[in-house]
Engineer: 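Here you go, one structure.
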2 protein chains.
Amino acid sequence: MKNRLKVLRAERDWSQGDLAERLQVSRQSVNAIETGKYDPSLPLAFRIADLFGLPIEAIFLRD
Amino acid sequence: MKNRLKVLRAERDWSQGDLAERLQVSRQSVNAIETGKYDPSLPLAFRIADLFGLPIEAIFLRD
DNA sequence: CGGGTGAGTCAAGTTTCATTGACAAGGTGC
DNA sequence: GCACCTTGTCAATGAAACTTGACTCACCCG
């Protein structure tokens, strides 16, 4: 399960902390997801999709 | 987080056990997800979407 | 040289997801 | 009657997701 978080974040010039705040999770969670330590829960994946205005499939990719 | 699993399953005349087998999870997991006890993990949500040939957003709905 | 920010990581703890095994209740059909 | 299947649920366990707090390192800017 890969994801395009880092790119989407860069496009908006957000730090991991910025993104964490918008998603209401810790900065460490954002970092862990970006660096592939684990996958987000489904509810969090939806929040991410909503935030970026993209379908989940456009952000998270089967690997 | 609601889901349309029960309907999709009914359309195909699958039991919870059938679906569990196809998803490679326990029958109890399918039941727990259907009855709203908890949400599936993102990888499992992708497997469900793939199985039914639908986007995640067409199966799981924000509540 | 410091001070600040962003990123990565660790440890330790709680919550959520998923498991096996078991049991009860309803329906079907013989 | 009773066998069988499906669904719902429970307890106990383990793994994954998420938390707070702390620390390091690189980078930039004054």
Side-chain angles (χ1 to χ4, degrees):
Chain A
M1 197 101 282
K2 290 178 181 172
N3 70 73
R4 308 205 317 115
L5 271 187
K6 193 167 187 171
V7 177
L8 294 168
R9 197 166 55 74
E11 286 173 359
R12 287 154 184 80
D13 199 25
W14 292 346
S15 68
Q16 292 184 345
D18 291 336
L19 178 55
E21 196 177 350
R22 287 170 205 264
L23 294 173
Q24 316 238 58
V25 294
S26 68
R27 184 185 65 83
Q28 286 86 338
S29 290
V30 169
N31 182 268
I33 293 166
E34 270 193 18
T35 56
K37 288 229 179 97
Y38 53 73
D39 298 315
S41 66
L42 188 58
L44 179 50
F46 265 91
R47 270 185 275 153
I48 293 170
D50 288 347
L51 181 60
F52 290 115
L54 292 168
I56 290 182
E57 280 87 348
I59 303 176
F60 299 95
L61 309 121
R62 303 152 182 79
D63 53 6
Chain B
M1 197 98 283
K2 290 179 183 172
N3 69 72
R4 309 206 317 116
L5 270 187
K6 195 167 185 170
V7 178
L8 294 169
R9 198 166 56 71
E11 286 174 357
R12 287 155 184 79
D13 199 26
W14 292 345
S15 68
Q16 292 183 346
D18 291 336
L19 178 54
E21 196 177 352
R22 286 170 206 265
L23 294 173
Q24 314 238 58
V25 295
S26 69
R27 182 186 69 84
Q28 287 86 337
S29 290
V30 169
N31 183 269
I33 293 165
E34 271 193 18
T35 56
K37 288 230 179 97
Y38 53 73
D39 298 316
S41 66
L42 187 58
L44 179 51
F46 265 92
R47 269 185 276 151
I48 294 170
D50 289 347
L51 180 61
F52 290 114
L54 293 168
I56 289 181
E57 281 86 351
I59 303 177
F60 300 95
L61 310 127
R62 302 151 183 80
D63 52 7

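The sequence lines fix the lettering, A, B, ..., with proteins before strands; numbering per chain opens at 1.
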Engineer: Does B/Asp18 come within less than 4.0 Å of B/Arg9, counting only side-chain N to carboxylate O?
Structural biologist: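 Looking at B/Asp18 and B/Arg9, the cut-off is not met.
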Engineer: So, A/Arg4 side chain and A/Ala58 main chain: donor-acceptor pair closer than 3.5 Å or not?
Structural biologist: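 Yes: the side chain of A/Arg4 pairs with the backbone of A/Ala58.
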Engineer: Nearest whole Å is fine: how far is D/dA11 P from B/Lys37 NZ?
Structural biologist: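 Result: 10 Å.
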Engineer: For the side chain of A/Arg9, counting heavy atoms from C-beta on, which of D/dA22, C/dA7, C/dA22 is nearest?
Structural biologist: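 The listed nucleotide nearest to A/Arg9's side chain is C/dA7.
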Engineer: If I take atom CG in residue B/Leu44 and atom P in nucleotide D/dA15, what distance separates them, rounded to the nearest angstrom?
Structural biologist: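 So the two atoms are 18 Å apart, to the nearest Å.
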Engineer: Taking side-chain contact (heavy atoms from CB on, under 4.5 Å) as the criterion, tell me which of B/Ile33, B/Leu5, B/Asn31 meets it with B/Gln16.
Structural biologist: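 Passing option: B/Asn31.
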Engineer: Heavy-atom nearest nucleotide on DNA chain C for B/Tyr38 versus A/Glu34: which residue maps closer to 5'?
Structural biologist: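 Closest to the 5' end, via its nearest nucleotide, is A/Glu34.
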Engineer: Where the side chain of B/Asp39 is defined as all heavy atoms beyond and including C-beta, which of C/dC17, C/dG8, D/dC18 is the nearest nucleotide?
Structural biologist: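 Of the candidates, C/dC17 comes closest.
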Engineer: Which part of the nucleic acid, if any, lies within reach of A/Ser26 when heavy atoms closer than 4.0 Å are counted: base, sugar-phosphate only, or nothing?
Structural biologist: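 Here A/Ser26 touches the bases of the nucleic acid.
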Engineer: Can you tell me how far P of C/dA18 sits from CD of B/Glu21, to the nearest Å?
Structural biologist: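 One finds 18 Å between P of C/dA18 and CD of B/Glu21, rounded.
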Engineer: Provide, to the nearest angstrom, the distance between the CZ atom belonging to B/Arg27 and the P atom belonging to D/dC10.
Structural biologist: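 After rounding, the reported distance stands at 13 Å.
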Engineer: Just how far, in rounded Å, is P of C/dG6 from CG of A/Leu19?
Structural biologist: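 After rounding, the reported distance stands at 13 Å.
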Engineer: Counting the atoms with a prime plus P, OP1 and OP2 as sugar-phosphate, which does A/Ser41 contact under 4.0 Å by heavy atoms, base, sugar-phosphate, or nothing?
Structural biologist: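 Sugar-phosphate: the residue A/Ser41, judged by heavy atoms under 4.0 Å, touches backbone atoms but no base.
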Engineer: Please report the distance, rounded to the nearest Å, between CD1 in B/Ile33 and C1' in C/dC17.
Structural biologist: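 In whole Å, C/dC17 C1' and B/Ile33 CD1 are 8 Å from each other.
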Engineer: Output the rounded distance in Å from CG (A/Leu42) to P (D/dA16).
Structural biologist: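 Distance check: A/Leu42 CG to D/dA16 P gives 18 Å.
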Engineer: I want to check one thing: is the phosphate of D/dT7, taken as OP1 and OP2, less than 4.0 Å away from some side-chain N or O of B/Asn31?
Structural biologist: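 Answer no for this pair, as no side-chain N or O of B/Asn31 is under 4.0 Å from OP1 or OP2.
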Engineer: Return yes if some donor-acceptor pair links the side-chain N/O of B/Arg27 with the main-chain N/O of B/Ala20 below 3.5 Å, else return no.
Structural biologist: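 Not a single qualifying donor-acceptor pair exists.
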Engineer: At how many degrees, to 10°, do the end axes of the helix from C/dC1-D/dG30 to C/dC30-D/dG1 meet when each uses five pairs?
Structural biologist: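 Computed from the C1' atoms at both ends, the axes differ by 30°.
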Engineer: Under 4.0 Å from any atom of DNA chain D, heavy atoms only: list the residues of residues 49-63 of chain A that qualify, in numerical order.
Structural biologist: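 The stretch gives none, as no residue of it lies under 4.0 Å from the strand.
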Engineer: Checking B/Glu57 side chain against A/Ile56 main chain: does a donor-acceptor pair fall under 3.5 Å?
Structural biologist: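 The answer is yes, because a donor-acceptor pair under 3.5 Å joins these two groups.
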Engineer: Not counting sequence neighbours, which residues clear side-chain hydrogen bond (donor to acceptor under 3.5 Å, both in side chains) with A/Thr35? List them please.
Structural biologist: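 A/Thr35 satisfies side-chain hydrogen bond (donor to acceptor under 3.5 Å, both in side chains) with no other residue.
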Engineer: What nucleotide among C/dG6, D/dT6, D/dT20 has an atom nearest to a side-chain atom of B/Ser15?
Structural biologist: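 Nearest to the side-chain atoms of B/Ser15, counting from C-beta on, is D/dT6.
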Engineer: Taking only side-chain nitrogens and oxygens of A/Lys6, does any of them come within less than 4.0 Å of OP1 or OP2 of C/dG8?
Structural biologist: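 Affirmative; the distance criterion is met.
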Engineer: Could you give the CD-to-P distance, from B/Gln16 to D/dT9, as a whole number of Å?
Structural biologist: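 Result: 10 Å.
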